[in-house]
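Note sheet for the following structure.
Since we're looking at a predicted model, the values are computed, not measured. Chain A is the first sequence line, chain B the second, and so forth, proteins listed ahead of strands; every chain is numbered from 1. Note that these values count all heavy atoms, side chains included, but never hydrogens, waters or copies made by symmetry.
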Amino acid sequence: MKLLIIEDEMEIIESISTFLSNEKIITEYAINLDQALEKVSIFQYDCIILDLSLPDGSGLEVIKYLKQNSIDTGILILSAKDSLEDRITGLDLGADDYLTKPFHFAELYARIKSILRRRLQGGSKDLIFNELNLNIEMREVKTGDKTIPLTRKEFDLLYYLIVNKERVLSKESIVEHLWGDMMGIDADSLDFIYTHMRNLRRKLLNADVSDYIKNVYGIGYKFTDR
Amino acid sequence: MIFGSIVQYLIFRNSIHLSADDSLDELKKTLVKYTSRNDTFMLAGDLGVKNGRLIYTPVSSINFETFYQDTVIWNRRTLKNRDFRIINFPVLIKQKPYKVSIFMRTMGHADLVTSTVFSFLCYFLLLLLYIFLISHFFTRNMWIPFRQFLHELKTTDINKKSTFTFSDSNIDELKELDKTYARMMKRIHNDYRKTKELSENLTHELQTPLTIMRAKIDLLQQRFQDDEETFNILQSLQNNINRVSYFNKSLMLLTRINNDQYAEYALIDFGTVIKERIDDYIDIIHTKNIHIIFEQYSSFIHEINPTLLELMINNIFSNAVKYNKENEGFLQITISNDKIIFENPYEGILPSGNIFDRFKRSDKKCNDSTGLGLSIVKAICDKSHLVVTVETVHQKFRLILSFRY
């Protein structure tokens, strides 16, 4: 699994690389448009993390180049510019997803994972964790032959937890994943996550799935089989 | 003018007397010539004056000088006083001395005053007419540039470059005003643009260090997963970074709204959007035990940017949920054809001053509040031809959206 990070801020590149190396993902980087175009024309990447505001031009140029030359790779736009036009232009040009800075690593990882899964050639695109089987396209969870009825939010929550398994997810990060970050929710309100988590856990236990959801220090959750 | 009239009166009187005296002198000469030649009385008809206006009075001597008199005679026929100028002079007829008096109608004091006052009035009226015409035709044209300028000042938009000029005018004062105005507008534009750029750049530049901080803390948190104390400290840091970040995003949003960066409008049924938003919020709303009452009597359709509408409803909901009552809370949404009312219980009192001002919070207990929520709602309404008002009635907070007519 090889990723290219196109970003002009070295600190951000280092942080993403460190984080992804823990997930056994190899990363390379380009700090400007010039380097980026050079790298994508020579090497093959599974996914590209692309910052739109580069010192020598717009990151959108990279997407145009990739599409013109029919280079097949996943593209995740990462931008400080939270502008709708950029988002629409980027996605129209053929980017797979768009994430605004600042972001949670768990969120970044979940987005990368889902891009990679969508692009998977052949084989199962399902997300599997022990006895759990998540069909992303159908938004269906099965254990054996049994389907577990989950609401839209519960499914998203389970997906987020499994993708970030063995990692403590803060309530804030979960809320942002499920509802976006423009809600301005105060810390007290974060408790509503608890209700969702309780419902999800109950549904999983009722379907004879082991209890993988662990509450961590009252500030977050972790999906683990250890 | 009054002084002029007095002078005019005096001049008139003088010249009238002079001309009357001249004529009387002529008559005198004619009569003296006639009597000396014929040595007999000359009749009034022969002298060319009316009967009774030539009187011979026997006197004792002819040793007196010619003298003039003014007199007033009552005219029985016209029932009016008449002014006369009389010349008196001596003649000898048949060795007998006579005083000859010739009467001549003249303009008297009253007539003169009347005519002076009349002409004074005529002058005055003519002057008034003149002033009126001048002001009507000339000053009307003179005010045109002023009105143009006033219109420009009223309609000028600080976001757009002004193209106003009095270029067709060759009046020095207007040219100077033109130059001064252009210079002033340029300076205002520059300052405004710089402020806009500063806030845009500032918020944008803040995003990068915030991203780095968040990323580093994320990495540390993964490393210290098993150390509760460290993890909690890091989480507290993370939460505060989130606050700054959320705050920054809100400011960026406000700047964008004010810079008209959401220019695409569409006709949208607000009821549909509100229902969608309720579905999204239902989890939070239920956790807080808030009861939702949604009443729609009519559709509320308005032209607005879809993203802005969503942001606005989010902010209104977030506000209503944040300041709601624990357990017995409710949020009532009433949609009629001309307004939408969001109502929730509210125990505090509204802060004094404009609640829509940035950083205005109703109380300090909500530390997570950025104080920007209602500012965003207001900014969106301003850009979308909507009016937003708030009121508190019987411990209820009401936010009302209506059309701007």
Side-chain angles (χ1 to χ4, degrees), chain A residues 7-12 14-16 18-19 22 51 53 78-85 100-108 151-153 166-173 175-176 178-196 199 216-220 222, chain B residues 203-216 218-219 221-223 225 228-229 231-232 235-236 238-239 241-242 244-250 252-253 256 261-262 264 280-281 283-288 305 307 310-311 314-315 317-319 321-322 366-370 372-373 376:
Chain A
E7 159 75 61
D8 59 338
E9 198 64 49
M10 208 51 214
E11 296 248 36
I12 295 179
E14 279 169 13
S15 306
I16 298 176
T18 315
F19 174 79
N22 294 338
D51 184 4
S53 37
L78 192 62
S79 178
K81 276 198 209 158
D82 187 15
S83 87
L84 198 72
E85 299 92 84
T100 46
K101 292 178 187 174
F103 52 88
H104 285 284
F105 271 134
E107 185 64 43
L108 176 72
T151 64
R152 191 164 57 92
K153 288 270 188 271
E166 302 301 333
R167 186 177 294 136
V168 179
L169 297 172
S170 66
K171 287 176 192 167
E172 283 85 0
S173 148
V175 169
E176 266 194 45
L178 294 182
W179 285 279
D181 61 347
M182 278 316 288
M183 309 236 305
I185 312 144
D186 51 294
D188 304 339
S189 310
L190 289 174
D191 287 338
F192 70 85
I193 285 296
Y194 172 75
T195 325
H196 275 279
N199 291 344
V216 184
Y217 317 136
I219 52 172
K222 186 159 139 181
Chain B
T203 45
H204 186 246
E205 286 304 315
L206 268 173
Q207 290 298 78
T208 306
L210 282 171
T211 308
I212 296 169
M213 282 193 260
R214 210 183 198 184
K216 300 278 177 190
D218 241 7
L219 286 178
Q221 274 188 311
Q222 300 310 326
R223 194 172 297 169
Q225 278 199 27
E228 182 174 355
E229 203 186 338
F231 194 93
N232 278 335
Q235 188 55 44
S236 161
Q238 193 76 279
N239 290 347
I241 289 170
N242 283 352
V244 178
S245 163
Y246 175 70
F247 177 74
N248 197 39
K249 276 189 177 174
S250 303
M252 203 143 64
L253 179 71
R256 285 223 189 89
Q261 285 178 15
Y262 295 91
E264 292 117 39
D280 255 19
Y281 260 82
D283 304 303
I284 306 171
I285 290 163
H286 280 169
T287 321
K288 282 205 141 195
N305 177 289
T307 316
E310 203 169 297
L311 286 171
N314 273 357
N315 275 292
F317 271 20
S318 162
N319 206 58
V321 169
K322 202 178 290 169
C366 278
N367 268 330
D368 296 55
S369 161
T370 55
L372 287 175
I376 291 175

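At least one side-chain heavy atom of Glu14(A) sits under 4.5 Å from a side-chain heavy atom of Lys216(B). In this structure, the side chains of Val168(A) and Gln221(B) stay at 4.5 Å or more apart for every pair of heavy atoms. Considering only heavy atoms from C-beta on, Arg167(A) comes within 4.5 Å of Gln225(B) through its side chain. Between Lys101(A) and Leu210(B), every side-chain heavy-atom pair lies at or beyond the 4.5 Å cut-off.
With a 4.5 Å cut-off on non-hydrogen atoms, His104(A) touches chain B through its backbone and its side chain both.
Between the OG1 atom in Thr18(A) and the CZ atom in Arg223(B) there is a gap of 8.0 Å [rounded to 0.5 Å].
With respect to Glu11(A), the side-chain contact (heavy atoms from CB on, under 4.5 Å) criterion is satisfied by exactly one of Thr208(B), Thr211(B), Ile212(B): Ile212(B).
Nearest heavy atoms, Asp218(B) versus Phe105(A): OD2-N, 2.5 Å.
Of all the listed residues (Met213(B), Gln207(B), Glu205(B)), the one sharing the greatest number of non-hydrogen pairs under 4.5 Å with chain A is Gln207(B).
Salt bridge present: Arg214(B) and Glu176(A) bring a charged side-chain N and a carboxylate O closer than 4.0 Å.
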